[in-house]
Amino acid sequence: MNTELKQSPNEQFFEGPPQEKLAPSGGSAVHEVTSVGARKAKIFCVANQKGGVGKTTTTVNLAAGLAKVGQRVLMIDLDPQGNATMGSGVDKRKLELTVYDVLLESASVMEARVKSEKCGYDVLGANRELAGAEVELVEVERREKRLKLALEAVRSHYDFVLIDCPPSLSMLTLNGLCCAHGVIVPMQCEYFALEGLTDLVNTIKQVHANLNKDLQIIGLLRVMFDPRITLQQQVSDQLKEHFSDKVFNTVIPRNVRLAEAPSYGLPGVVFDPSSKGAQAFVTFAEEMVLRIKAM
(Lines give C-alpha, C1' and ligand atoms only; values in the text may rest on other atoms or scores of the structure.)
Protein backbone atom coordinates (compact mmCIF):
# COMPACT_ATOMS: atom_id res chain seq x y z
CA MET A 1 0.00 0.00 0.00
CA ASN A 2 1.32 3.42 -0.88
CA THR A 3 1.86 5.38 2.33
CA GLU A 4 3.00 8.61 0.71
CA LEU A 5 1.61 11.70 2.36
CA LYS A 6 -0.08 13.50 -0.49
CA GLN A 7 -0.72 16.72 1.38
CA SER A 8 1.28 18.27 4.16
CA PRO A 9 -0.94 20.09 6.68
CA ASN A 10 -0.32 23.80 7.11
CA GLU A 11 3.20 24.30 8.44
CA GLN A 12 2.00 27.18 10.64
CA PHE A 13 0.49 24.72 13.08
CA PHE A 14 3.72 22.81 13.45
CA GLU A 15 5.83 25.77 14.53
CA GLY A 16 7.64 25.56 17.83
CA PRO A 17 11.04 25.17 19.43
CA PRO A 18 13.46 22.65 17.98
CA GLN A 19 13.62 19.29 19.70
CA GLU A 20 16.50 18.35 21.91
CA LYS A 21 17.99 14.95 21.24
CA LEU A 22 17.17 12.39 23.92
CA ALA A 23 18.19 8.85 24.64
CA PRO A 24 16.14 6.22 22.77
CA SER A 25 12.85 5.36 24.41
CA GLY A 26 13.04 2.53 26.89
CA GLY A 27 16.51 3.60 28.06
CA SER A 28 17.37 4.82 31.51
CA ALA A 29 16.67 8.40 32.44
CA VAL A 30 19.61 10.57 31.42
CA HIS A 31 18.30 14.02 32.26
CA GLU A 32 17.99 15.78 35.56
CA VAL A 33 14.65 17.48 35.09
CA THR A 34 13.53 20.22 37.41
CA SER A 35 10.17 21.91 37.86
CA VAL A 36 9.36 24.56 35.31
CA GLY A 37 9.13 27.09 38.13
CA ALA A 38 7.01 30.05 39.05
CA ARG A 39 5.54 30.73 35.65
CA LYS A 40 2.04 29.61 34.83
CA ALA A 41 1.31 26.12 33.57
CA LYS A 42 1.36 25.26 29.92
CA ILE A 43 -1.91 23.64 28.85
CA PHE A 44 -1.93 20.80 26.34
CA CYS A 45 -4.78 18.87 24.76
CA VAL A 46 -4.19 15.27 23.84
CA ALA A 47 -6.40 14.99 20.79
CA ASN A 48 -7.06 13.06 17.64
CA GLN A 49 -10.39 12.91 15.82
CA LYS A 50 -9.71 9.26 15.02
CA GLY A 51 -10.82 6.96 17.83
CA GLY A 52 -8.80 4.15 19.35
CA VAL A 53 -5.38 5.74 18.93
CA GLY A 54 -4.40 5.79 22.60
CA LYS A 55 -5.37 9.32 23.65
CA THR A 56 -6.35 8.34 27.19
CA THR A 57 -3.37 6.02 27.61
CA THR A 58 -1.11 8.84 26.46
CA THR A 59 -2.72 11.40 28.78
CA VAL A 60 -2.54 9.40 32.00
CA ASN A 61 0.91 7.99 31.35
CA LEU A 62 2.35 11.36 30.36
CA ALA A 63 0.81 12.85 33.52
CA ALA A 64 2.36 10.09 35.64
CA GLY A 65 5.67 10.43 33.82
CA LEU A 66 5.76 14.19 34.37
CA ALA A 67 4.96 13.71 38.05
CA LYS A 68 7.76 11.17 38.27
CA VAL A 69 10.31 13.70 36.97
CA GLY A 70 9.20 16.36 39.46
CA GLN A 71 6.51 18.30 37.63
CA ARG A 72 3.26 19.60 39.13
CA VAL A 73 0.48 18.20 36.96
CA LEU A 74 -3.29 18.60 36.63
CA MET A 75 -5.02 16.05 34.41
CA ILE A 76 -8.47 17.02 33.11
CA ASP A 77 -10.85 14.37 31.80
CA LEU A 78 -13.17 15.86 29.16
CA ASP A 79 -14.62 12.54 28.03
CA PRO A 80 -17.98 11.53 29.58
CA GLN A 81 -16.78 7.91 29.64
CA GLY A 82 -14.39 8.93 32.43
CA ASN A 83 -11.68 6.49 31.40
CA ALA A 84 -8.83 8.88 32.21
CA THR A 85 -10.36 9.43 35.65
CA MET A 86 -10.60 5.71 36.39
CA GLY A 87 -7.17 5.12 34.85
CA SER A 88 -5.70 7.60 37.33
CA GLY A 89 -6.87 5.62 40.34
CA VAL A 90 -9.94 7.81 40.96
CA ASP A 91 -13.41 6.23 41.15
CA LYS A 92 -15.63 8.36 38.91
CA ARG A 93 -18.76 7.02 40.65
CA LYS A 94 -17.70 8.49 43.99
CA LEU A 95 -16.81 11.98 42.79
CA GLU A 96 -18.89 14.71 44.43
CA LEU A 97 -17.73 17.37 41.97
CA THR A 98 -16.43 16.94 38.43
CA VAL A 99 -15.41 18.96 35.38
CA TYR A 100 -19.16 19.11 34.62
CA ASP A 101 -19.65 21.36 37.67
CA VAL A 102 -16.69 23.51 36.62
CA LEU A 103 -18.07 24.02 33.10
CA LEU A 104 -21.46 25.04 34.52
CA GLU A 105 -19.68 27.36 36.99
CA SER A 106 -21.21 25.69 40.01
CA ALA A 107 -17.75 24.78 41.34
CA SER A 108 -14.18 25.97 40.91
CA VAL A 109 -11.27 23.83 39.75
CA MET A 110 -9.80 23.98 43.25
CA GLU A 111 -13.05 22.64 44.70
CA ALA A 112 -13.51 19.89 42.12
CA ARG A 113 -9.95 18.56 41.74
CA VAL A 114 -8.82 15.50 43.65
CA LYS A 115 -5.35 14.16 44.33
CA SER A 116 -4.38 10.81 42.86
CA GLU A 117 -2.09 9.67 45.64
CA LYS A 118 -0.80 6.63 43.78
CA CYS A 119 -0.05 8.56 40.59
CA GLY A 120 1.28 11.82 42.04
CA TYR A 121 -0.89 14.27 40.10
CA ASP A 122 -4.21 16.07 40.49
CA VAL A 123 -7.32 14.99 38.61
CA LEU A 124 -10.32 17.02 37.47
CA GLY A 125 -12.49 14.02 36.80
CA ALA A 126 -15.48 13.21 34.64
CA ASN A 127 -18.42 10.82 34.69
CA ARG A 128 -21.67 10.31 32.80
CA GLU A 129 -23.02 13.68 33.96
CA LEU A 130 -20.62 15.35 31.55
CA ALA A 131 -22.65 14.12 28.58
CA GLY A 132 -25.42 16.49 29.65
CA ALA A 133 -23.09 19.49 29.53
CA GLU A 134 -23.33 19.54 25.72
CA VAL A 135 -27.04 20.37 25.90
CA GLU A 136 -26.82 22.65 28.93
CA LEU A 137 -24.09 24.80 27.40
CA VAL A 138 -25.92 25.45 24.12
CA GLU A 139 -27.51 28.73 25.19
CA VAL A 140 -24.84 29.80 27.66
CA GLU A 141 -22.64 32.85 27.06
CA ARG A 142 -18.92 32.20 26.44
CA ARG A 143 -19.71 28.49 26.38
CA GLU A 144 -16.56 27.56 24.47
CA LYS A 145 -14.32 29.39 26.98
CA ARG A 146 -15.74 28.12 30.27
CA LEU A 147 -12.76 25.87 30.93
CA LYS A 148 -10.23 28.54 30.01
CA LEU A 149 -11.73 31.00 32.47
CA ALA A 150 -11.85 28.37 35.22
CA LEU A 151 -8.20 27.38 34.76
CA GLU A 152 -6.85 30.92 35.15
CA ALA A 153 -7.24 30.66 38.92
CA VAL A 154 -5.01 27.56 39.20
CA ARG A 155 -2.45 27.88 36.41
CA SER A 156 0.20 29.15 38.82
CA HIS A 157 -0.22 25.96 40.88
CA TYR A 158 1.00 23.67 38.10
CA ASP A 159 3.71 23.19 35.51
CA PHE A 160 1.49 21.17 33.15
CA VAL A 161 -2.22 20.86 32.55
CA LEU A 162 -3.10 17.88 30.34
CA ILE A 163 -6.58 17.53 28.84
CA ASP A 164 -7.93 14.20 27.60
CA CYS A 165 -10.35 15.11 24.80
CA PRO A 166 -13.13 12.93 23.35
CA PRO A 167 -12.60 11.87 19.71
CA SER A 168 -15.47 13.93 18.31
CA LEU A 169 -15.38 17.68 17.70
CA SER A 170 -17.90 18.57 20.41
CA MET A 171 -18.40 21.52 22.73
CA LEU A 172 -16.25 19.64 25.23
CA THR A 173 -13.36 19.28 22.79
CA LEU A 174 -13.80 22.91 21.79
CA ASN A 175 -13.45 23.98 25.44
CA GLY A 176 -10.20 22.08 25.60
CA LEU A 177 -8.81 23.55 22.39
CA CYS A 178 -9.81 27.08 23.35
CA CYS A 179 -7.73 27.04 26.52
CA ALA A 180 -4.73 25.07 25.23
CA HIS A 181 -1.33 26.34 24.16
CA GLY A 182 -0.85 23.30 22.01
CA VAL A 183 -2.03 19.89 20.93
CA ILE A 184 -0.21 16.60 21.37
CA VAL A 185 -1.34 14.16 18.69
CA PRO A 186 -0.93 10.46 19.48
CA MET A 187 -1.14 8.41 16.33
CA GLN A 188 -0.56 4.88 15.21
CA CYS A 189 1.70 4.47 12.22
CA GLU A 190 -1.04 3.19 9.95
CA TYR A 191 -2.39 4.42 6.63
CA PHE A 192 -5.76 5.70 7.85
CA ALA A 193 -4.07 7.62 10.67
CA LEU A 194 -2.62 9.93 8.02
CA GLU A 195 -6.13 10.73 6.78
CA GLY A 196 -7.24 11.55 10.32
CA LEU A 197 -4.31 13.90 10.79
CA THR A 198 -5.52 16.13 7.96
CA ASP A 199 -8.97 16.36 9.58
CA LEU A 200 -7.44 17.32 12.92
CA VAL A 201 -5.23 20.01 11.41
CA ASN A 202 -8.25 21.54 9.67
CA THR A 203 -10.08 21.66 13.01
CA ILE A 204 -7.10 23.32 14.70
CA LYS A 205 -6.86 25.87 11.88
CA GLN A 206 -10.48 26.86 12.47
CA VAL A 207 -10.03 27.19 16.23
CA HIS A 208 -6.78 29.11 15.75
CA ALA A 209 -8.42 31.55 13.32
CA ASN A 210 -11.55 32.21 15.36
CA LEU A 211 -11.06 31.37 19.03
CA ASN A 212 -7.48 30.77 20.16
CA LYS A 213 -4.52 32.43 18.45
CA ASP A 214 -2.04 30.55 20.67
CA LEU A 215 -3.11 27.11 19.50
CA GLN A 216 -0.60 25.01 17.57
CA ILE A 217 0.33 21.38 17.17
CA ILE A 218 3.22 20.71 19.52
CA GLY A 219 4.11 17.38 18.01
CA LEU A 220 3.09 13.95 16.79
CA LEU A 221 3.61 11.01 19.13
CA ARG A 222 3.99 7.60 17.54
CA VAL A 223 2.19 5.08 19.75
CA MET A 224 1.53 1.30 19.75
CA PHE A 225 4.57 1.05 17.51
CA ASP A 226 5.89 -2.30 16.32
CA PRO A 227 9.05 -1.93 14.20
CA ARG A 228 8.60 -5.49 12.89
CA ILE A 229 5.61 -4.35 10.83
CA THR A 230 6.87 -2.94 7.54
CA LEU A 231 3.92 -0.60 6.99
CA GLN A 232 4.34 1.01 10.40
CA GLN A 233 8.01 1.65 9.69
CA GLN A 234 7.11 3.18 6.31
CA VAL A 235 4.49 5.49 7.81
CA SER A 236 6.91 6.47 10.59
CA ASP A 237 9.52 7.39 7.99
CA GLN A 238 6.93 9.43 6.07
CA LEU A 239 6.02 11.36 9.21
CA LYS A 240 9.66 12.14 9.96
CA GLU A 241 10.25 13.22 6.37
CA HIS A 242 7.29 15.60 6.19
CA PHE A 243 7.17 16.96 9.75
CA SER A 244 10.80 16.58 10.78
CA ASP A 245 11.32 17.77 14.38
CA LYS A 246 7.57 18.06 14.93
CA VAL A 247 7.54 14.28 15.34
CA PHE A 248 8.61 13.53 18.90
CA ASN A 249 11.85 11.59 19.22
CA THR A 250 10.23 9.26 21.72
CA VAL A 251 8.34 6.29 20.31
CA ILE A 252 5.84 4.42 22.48
CA PRO A 253 6.07 0.70 21.74
CA ARG A 254 3.17 -1.70 21.66
CA ASN A 255 3.33 -3.09 25.19
CA VAL A 256 1.10 -5.52 27.03
CA ARG A 257 1.71 -3.89 30.43
CA LEU A 258 0.35 -0.57 29.16
CA ALA A 259 -2.74 -2.43 27.96
CA GLU A 260 -3.22 -4.24 31.28
CA ALA A 261 -2.76 -1.20 33.52
CA PRO A 262 -6.25 0.38 33.08
CA SER A 263 -7.92 -2.75 34.48
CA TYR A 264 -6.01 -2.05 37.71
CA GLY A 265 -7.00 1.62 37.67
CA LEU A 266 -3.47 2.86 37.13
CA PRO A 267 -1.27 4.30 34.37
CA GLY A 268 1.34 1.89 33.06
CA VAL A 269 4.07 4.17 34.45
CA VAL A 270 2.80 3.41 37.97
CA PHE A 271 1.54 -0.13 37.40
CA ASP A 272 4.85 -1.49 36.06
CA PRO A 273 7.61 1.16 36.03
CA SER A 274 10.13 -1.33 34.63
CA SER A 275 8.13 -2.13 31.48
CA LYS A 276 9.32 -0.80 28.15
CA GLY A 277 6.08 1.15 27.69
CA ALA A 278 6.40 2.87 31.07
CA GLN A 279 10.04 3.76 30.46
CA ALA A 280 9.13 5.21 27.07
CA PHE A 281 6.51 7.48 28.65
CA VAL A 282 9.00 8.73 31.25
CA THR A 283 11.40 9.54 28.40
CA PHE A 284 8.56 11.33 26.64
CA ALA A 285 7.85 13.34 29.81
CA GLU A 286 11.48 14.46 29.89
CA GLU A 287 11.21 15.44 26.24
CA MET A 288 8.10 17.53 26.97
CA VAL A 289 9.79 19.36 29.84
CA LEU A 290 12.73 20.28 27.64
CA ARG A 291 10.42 21.38 24.87
CA ILE A 292 8.28 23.77 26.91
CA LYS A 293 11.34 25.41 28.42
CA ALA A 294 11.97 26.80 24.94
CA MET A 295 8.37 27.98 24.45
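Just so you know, residue 1 is the first one in the sequence shown, and it goes up from there.
No donor-acceptor pair closer than 3.5 Å links the side chain of D122 to the backbone N or O of L74. With hydrogens and angles ignored, the 3.5 Å screen pairs a side-chain donor or acceptor of E287 with a backbone N or O of T250. At least one donor-acceptor pair under 3.5 Å links the side chain of N61 to the backbone N or O of G268. With hydrogens and angles ignored, the 3.5 Å screen pairs a side-chain donor or acceptor of N175 with a backbone N or O of R143. Using a distance-only test at 3.5 Å, with no hydrogens or angles considered, no donor-acceptor pair links the side chain of Q233 to the main chain of R228. Checked by atom type and distance alone, the side chain of R291 pairs as donor or acceptor with a backbone atom of I218 at under 3.5 Å. With hydrogens and angles ignored, the 3.5 Å screen pairs no side-chain donor or acceptor of N48 with any backbone N or O of V185. Of the possible donor and acceptor atoms, none in the side chain of S88 sits under 3.5 Å from a partner among the backbone N and O of V90. No donor-acceptor pair under 3.5 Å is formed between the side chain of S236 and the backbone N or O of Q232. For the pair S106 (side chain) and D101 (backbone), a donor-acceptor distance under 3.5 Å is present.
Under a hydrophobic-cluster definition in which Ile, Leu, Val, Met, Phe, Trp and Tyr are linked whenever side-chain heavy atoms come within less than 4.5 Å, directly or via other members, L151 and L97 are assigned to different clusters. Hydrophobic cluster membership differs between V46 and L266, with clusters built from Ile, Leu, Val, Met, Phe, Trp and Tyr side chains linked at under 4.5 angstrom. When the side chains of ILVMFWY residues are joined at heavy-atom separations under 4.5 Å, either directly or via intervening members, V161 and L103 end up in a single hydrophobic cluster. Neither L149 nor L130 shares a network with the other; the hydrophobic side chains, linked directly or stepwise wherever heavy atoms of I, L, V, M, F, W or Y lie under 4.5 Å apart, form separate groups for each. In the hydrophobic clustering of this structure, L162 does not group with V270; members are Ile, Leu, Val, Met, Phe, Trp, Tyr whose side-chain heavy atoms approach within less than 4.5 Å, directly or through other members.
Summarising the geometry of S116 relative to V123, their closest heavy-atom pair is CB-CG2, 4.1 Å, with the distance given to 0.1 Å. Residues A150 and V102 approach most closely at CB-CG1, 3.5 Å, considering heavy atoms. In terms of heavy-atom proximity, K145 sits nearest to C178 at CG-CB, 4.5 Å. Between H208 and K213, the closest heavy-atom pair is CE1-O, 3.0 Å. Looking at every heavy atom in both residues, A41 comes nearest to H181 through O-CE1, 3.7 Å. Heavy-atom minimum distance, F284 versus I184: CZ-CG2, 4.1 Å.
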Self-check item: Intermediate values then yes/no, side-chain contact (heavy atoms from CB on, under 4.5 Å), N255 and F281
Solution: CA-CA 12 Å; N255 182 254; F281 270 113; over 6 Å; no
Exercise. Would you sort out whether L215 and L177 count as a side-chain contact (heavy atoms from CB on, under 4.5 Å), showing the intermediate values?
Key: CA-CA 7 Å; L215 190 65; L177 294 175; 4.2 Å; yes
Quiz item: Checking side-chain contact (heavy atoms from CB on, under 4.5 Å) for the pair L172/E134: CA distance, chi angles, key distance, verdict?
Solution: CA-CA 7 Å; L172 298 173; E134 291 279 351; 3.4 Å; yes
Quiz prompt | side-chain contact (heavy atoms from CB on, under 4.5 Å) assessment of V269 paired with V282 | solution = CA-CA 7 Å; V269 169; V282 173; 4.1 Å; yes
Practice problem: Any chance you could lay out the side-chain hydrogen bond (donor to acceptor under 3.5 Å, both in side chains) test for N83 and T56, step after step, and finish with the verdict? | Solution: CA-CA 7 Å; N83 291 337; T56 298; 5.2 Å; no
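Residue K115 qualifies as enclosed at atom NZ: its count of foreign heavy atoms under 6.0 Å is above 12.
Ring geometry, F160 versus F44: the interplanar angle falls from 30° to 60°, so the pair is classed tilted.
Using a 4.5 Å cut-off on side-chain heavy atoms (C-beta onward), F248 and M288 make contact. For the pair V207/L174, a side-chain contact is recorded, criterion being any heavy-atom separation below 4.5 Å from C-beta on. Between D159 and L66 there is no side-chain heavy-atom pair separated by less than 4.5 Å. Side-chain contact between N249 and K240 is present, with at least one heavy-atom pair separated by less than 4.5 Å. You'll find the side chain of P253 stays beyond 4.5 Å of the side chain of L258, heavy atoms only. Using a 4.5 Å cut-off on side-chain heavy atoms (C-beta onward), L147 and I163 make contact. Residues V154 and M110 have side chains in contact (heavy-atom distance under 4.5 Å, counting atoms from C-beta outward). Residues L239 and M187 form a side-chain contact, since some pair of their non-hydrogen atoms from C-beta on lies under 4.5 Å apart.
For the side chain to side chain contact (heavy atoms under 4.5 Å, CB included) test with D79, the passing option among S170, C165, P167 is P167; the others fail. With K92 as the partner, the side chain to side chain contact (heavy atoms under 4.5 Å, CB included) test is satisfied by one option alone out of E129, R128, M86: M86. When each of T57, T58, V53 is tested with K55 by the rule side chain to side chain contact (heavy atoms under 4.5 Å, CB included), just one qualifies, namely V53.
Atoms CD and CE, from E136 and M171 in turn, are 13.0 Å apart once rounded to the nearest 0.5 Å. The CG atom of L78 sits 8.0 Å away from the CG atom of D164 when rounded to the nearest 0.5 Å. A distance of 12.0 Å separates SG in C179 from CG in L211, rounded to the nearest 0.5 Å. Here CG of D77 is found 5.5 Å from CE of M75. Values are rounded to the nearest 0.5 Å. Considering CD of Q206 and CG of N202, their distance stands at 7.0 Å, rounded to 0.5 Å. Within the model, atoms OH of Y264 and NZ of K118 stand 12.0 Å from one another, a figure rounded to the nearest 0.5 Å.
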